[in-house]
Amino acid sequence: MRSFFLFLAVFLTSCSPLSTRIPEKITVHEMESFDEKIQWEAIVITDKENIRKFQAGIWGAGKESGIVDLDDPELAFTLGKESYFLWLDSGIIMN
């Protein structure tokens with residue numbers, strides 16, 4: 001019975017999105033509009049634990065269908081090959 005639980009734990013961990021390869025860095029930009037970044041130096045996050053927290057937040061976000069009318073995003077960031085917009089006040093993230 002103990003070996004079954006060990007197998008189950010290993011299996012679930014290997015199937016979890018958090019077990020996928022962690023990107024080397026996250027690059028964060030402050031945004032003027034959807035198309036224009038504010039001309040400041042980007043923040044680059046390279047700490048694996050912080051990157052893992054970013055991933056958990058993105059993967060844990062609920063998806064909403066439909067069309068939305070949003071103000072310009074406050075931040076944009078890249079995580080691996082994916083790019084996201086982030087609205088801090090409302091807690092919205094968009095891929």
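- Listed by first and then second residue, the side-chain hydrogen bond (donor to acceptor under 3.5 Å, both in side chains) pairs that reach into residues 75-86 are E82-N95, sequence neighbours excluded.
- Not counting sequence neighbours, the partners of P23 by the side chain to side chain contact (heavy atoms under 4.5 Å, CB included) test are I51, Q55, L79.
- In terms of the salt bridge (Lys or Arg N to Asp or Glu O under 4.0 Å) criterion, residue partners of E24 (sequence neighbours excluded) are, by chain and number, K48.
- Taking OG1 from T46 and NZ from K25, the interatomic distance works out to 9.5 Å, rounded to the nearest 0.5 Å.
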Note to self: I22 vs R52, test: side chain to side chain contact (heavy atoms under 4.5 Å, CB included). Steps then yes/no.
What the structure shows: CA-CA 7 Å; I22 298 172; R52 189 170 298 148; 2.8 Å; yes
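- Note: I38 CD1 to E74 CD = 10.0 Å, rounded to the nearest 0.5 Å.
- Taking 4.5 Å as the limit, some side-chain heavy atom of I92 sits within range of a side-chain heavy atom of L70.
- The closest side-chain heavy-atom distance from L75 to H29 is not below 4.5 Å.
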Check: I45 and F54: side chain to side chain contact (heavy atoms under 4.5 Å, CB included), yes or no, with the steps?
Finding: CA-CA 10 Å; I45 300 169; F54 255 87; 3.7 Å; yes
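- By the side chain to side chain contact (heavy atoms under 4.5 Å, CB included) test, D35 is found to be paired with S33, residues two or more places apart in sequence or in another chain being considered.
- One finds the NZ atom of K37 at 12.5 Å from the CD atom of E30 (value rounded to the nearest 0.5 Å).
- Considering only residues two or more places apart in sequence or on other chains, F85 meets the side chain to side chain contact (heavy atoms under 4.5 Å, CB included) condition with M31, F34, P73, A76, W87, M94.
- Applying the side chain to side chain donor-acceptor pair (under 3.5 Å) rule to N50 yields the partners D47; only residues at least two apart in sequence or on another chain are considered.
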